Every structure is written in structure tokens, then in C-alpha cells.
Amino acid sequence: MLSEKKLHVDPDITRASTLPSSVYSDPEIYHRALERVFVPSWQVIEVDLLDGQFNVFPFKLLAGSLDEPLVLVREDEDWNCFSNVCTHRGNIVTTRAGHYANLVCGYHGKCFDLKGRFKSMPAFESAKDFPSDRDHLAQLPLESLGPFKFTSIAPRYTFKATLQPMLDRMSWFAFDKLIYEPSLSTRYVVDVHWALYCENYLEGFHIPFVHEQLNRSLKFSEYETFIYPYCNLQLGVARESEPYFDIPTGHEDAGRKILAYYWWLFPNTMLNIYTWGISLNIVKPLGNGQTEILFKTYLLPETKKSSNISATLDQTEMEDEAIVKNVQIGVKSRFYKQGRFSPTMEKGVHHFQQLYSHFLTT
Ligand code: FES
Ligand SMILES: [Fe+2]
């Protein structure tokens, strides 16, 4: 594997080189990133909580890579997230979403309450020191923002540290009113490394070259990137005749004609905030060179459901996929080792690579 020195990214963007191209192909780095970058990060729970009757929702966190079996449980209005692995001999406790009074393992009947605590177990009357704390289901932290729920297997930084810059800047936005719209949501599977997909998202430098239609909506000269500890923001300013946010006075962006806020949360979550609602993108590694991207659309109540929304997002996505697929081929070339950053246009990519390198090596 590459040495730590080779994985270092100079914090001075005017001097820094990009990470060596082998980070996009080395299988050891891929697996190390799963454990060191994804396991300690905050991830959006992607289960759809559409059925209000249900109180138990099993899912795998980052299916296709981490594959961690978890279960989201509601007791009255109190939500919790647990490991879905039975503390007896490791069976999956709950396999189907539904409404349950307890969580009962289907292998030998170990029973847990809706707080994940051990309740009963057949044929263990004579077992010594039983039950103990090890018999409860492991609990994970659970955080919410509007319709989004986040968890982390082993957080290395707080949820607040991740999201606070967005909440401070956009406290006027009605996150609580967003409604998930499955008919405008979709998924893409692309044969590219997950980090290349994220890096492409993290710069607007390519917009005039790659996205003709999007470029007609944005004032490219006013495109800005803001860096925060575990997230960053790209701010798209609207051209004349394009929709923009009505931002109340007293807020940081009041008076500006903002078309979109593109928030990236380390390492793989994107919250694209438009006047009509949010397009949530979750970038999920499926392998070392294959990535699934979930596009989930959440509308504000006053927004009319329109296929224009998904058509515009889809066109931009197709243009991005085409270019990133070419980059995937290029970074494998024997002639390409690493590049440099534009100090003005690639701050987001530089930020990503610094965090990525930091989490991989420390
Ligand atoms: S594995 Fe769950 S009761 Fe045995
Ligand atoms: Fe793009």
C-alpha cells in the first residue's frame, strides 16, 4: 500500500498535489477506507419510513460495502437504532419491517424489548451470570434533521460538528416540512470509484464545460465554495429569470439570488437544496470501482410534483457520469500519477482529499 507520506495532502492548496492515482485502484486502500472513513462517519439511514403503522425497520447500512445489519425502532415517538444481530449466536433478529411489540429472534427465541434490552430466552434457566449487559442489542447513536435520520457505527466526530454550519446558515429553511417523493427518486449504478464521483461533485469548475443547461441557470462568475470542518458548501447564484430563494433579512445570504445550496457531508452525502425542496444523494461504494448513487427527492409542501425536477437532475447526472467514467479510465493510465488543484475553483476537492487522507492514515 502507499506510504503515509504519499497519502499526505498539503493543506496549502497553492502548493498541494492531488492524491496519487493509485488511491482509486489499490484494493487495500478501498478496504481501509471502508473501515477508517465510512465506519466512523455519519450516514443517512436510507430506509423509507412511509408506512406510519410500522415501528420496526430492518436495513443494512451501506449495503454493498459495509453491509452492517441494523434496525430502526420506534416506540411511541421515540426512535432508536440498534444492531440487528442477535446476541445469542449471531442470527439476524428482524428480517421484515412491521409493527411489533418486541424483537424476537427467529433462531432460538431470544427476545428484546423495543429499547433493545434483553427480555427473555428459552432454556437458559441454569446459565450462570446470565443475562448480562452483553445480552442487550448494541445501540448506535441516532440523529435527525427533518425527514433525514443519521447514524454512525463508531463516530470519530460529532453529528453537530458535521451539520452545524448548514443549520447556522440555513435556519430559515423548512427542513421539517419536507416530504419524501418516491416517484421522483431513483438510483444509478456507475463503474467508477466512489471517491472520483465525490470529487467531481465537489467542484463547479467543470460546469461550463460539461453542463450546458445548468450553466444557463447559474452565474458562473459568482459560484462560491465554503469549507467547514466536516462539510462544505457550493453556492450557486441564479441568472436572471431563474428561481431563487426568498431569504429572510438578518440571515447570511439575505438579498442574494441563490439558485441552489450544494452541501456535501463527509464522506459521501450530498444535500442539494433548491427552492422546491431537497435532492439527497448518497454515494455508496459497491466495490473498488463500482458505485451506486441514490437520488432521493423531498418536496416542500407548496411544490407541485413535476417530472421536470427529476428530468433536470437526470440530465446533469448523465453528463457527470460520462465524464467521471472517462476519468476512471484516465487515472489508471501508466502516464498519470497525480495532478494539481486550481486554488480558486477546486477548494472542495482539496478539502475532500485532505479529510480522506487524514482518516485513512490516522
Ligand atoms: S441466534 Fe438468536 S436466539 Fe439464537
Ligand atoms: Fe457536474
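Quick caveat: nothing in here was measured; it's all calculated off a predicted structure. Order of listing sets the numbers, starting from 1, for every ligand and every atom in it.
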- Query: Hey, are the side chains of P267 and F38 touching, using non-hydrogen atoms and a 4.5 Å cut-off?
  - Reply: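 P267 reaches F38 side chain to side chain.
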
- Heavy-atom check, side chain of Q328 versus side chain of V324, under 4.5 Å: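 Q328 vs V324: side chains apart.
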
Under a 4.0 angstrom heavy-atom cut-off, which atoms of ligand 1 come close to [X]?
X: K110; value: 3 (S)
X: Y107; value: 1 (S), 4 (Fe)
X: N91; value: 1 (S)
X: G109; value: 3 (S)
X: C86; value: 1 (S), 2 (Fe), 3 (S)

- Query: For the Fe ion (ligand 2), which N, O or S atom of D320 is at the shortest distance?
  - Reply: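 It is OD1, the N, O or S atom of D320 closest to the Fe ion (ligand 2).
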
- Item | Atom name in H211, limited to N/O/S, at shortest distance from the Fe ion (ligand 2) |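 Sorting the N, O and S atoms of H211 by distance to the Fe ion (ligand 2) puts NE2 first.
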
- Query: Can you tell me which residue and heavy atom of the protein come closest to atom 1 (S) of ligand 1, and the distance to 0.1 Å?
  - Reply: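 Closest protein heavy atom to atom 1 (S) of ligand 1: R89 N, 3.3 Å.
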
- Query: Among protein heavy atoms, which lies nearest atom 3 (S) of ligand 1, and at what distance?
  - Reply: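 Protein heavy atom with the smallest distance to atom 3 (S) of ligand 1: H108 N, 3.3 Å.
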
Once the angle between the rings of [X] and [Y] is folded into 0 to 90°, is it parallel (under 30°), tilted (30 to 60°) or perpendicular (over 60°)?
X: F266; Y: F352; value: tilted
X: W194; Y: Y356; value: perpendicular
X: F209; Y: F205; value: perpendicular

- Message: If we check side-chain hydrogen bond (donor to acceptor under 3.5 Å, both in side chains) with Q234, which of these qualifies: Y223, Y262, W263?
- Response: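 Result: among Y223, Y262, W263, Y223 is the only option passing the side-chain hydrogen bond (donor to acceptor under 3.5 Å, both in side chains) with Q234.
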
- Are any N, O or S atoms from C105 nearer to atom 4 (Fe) of ligand 1 than 2.8 Å?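 No.
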
- Item | Metal check, atom 2 (Fe) of ligand 1 vs H88 N/O/S, cut-off below 2.8 Å |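 Looking at H88, which is the residue asked about, there is no N, O or S atom under 2.8 Å from atom 2 (Fe) of ligand 1.
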
- Do the charged groups of R32 and D26 touch, with an N to O distance under 4.0 Å?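 So R32 does not pair with D26 through a salt bridge.
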
- F148: which of F159, F175, Y298 passes ring-ring contact (aromatic ring centres under 6.0 Å, His included):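 The option that passes is Y298.
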
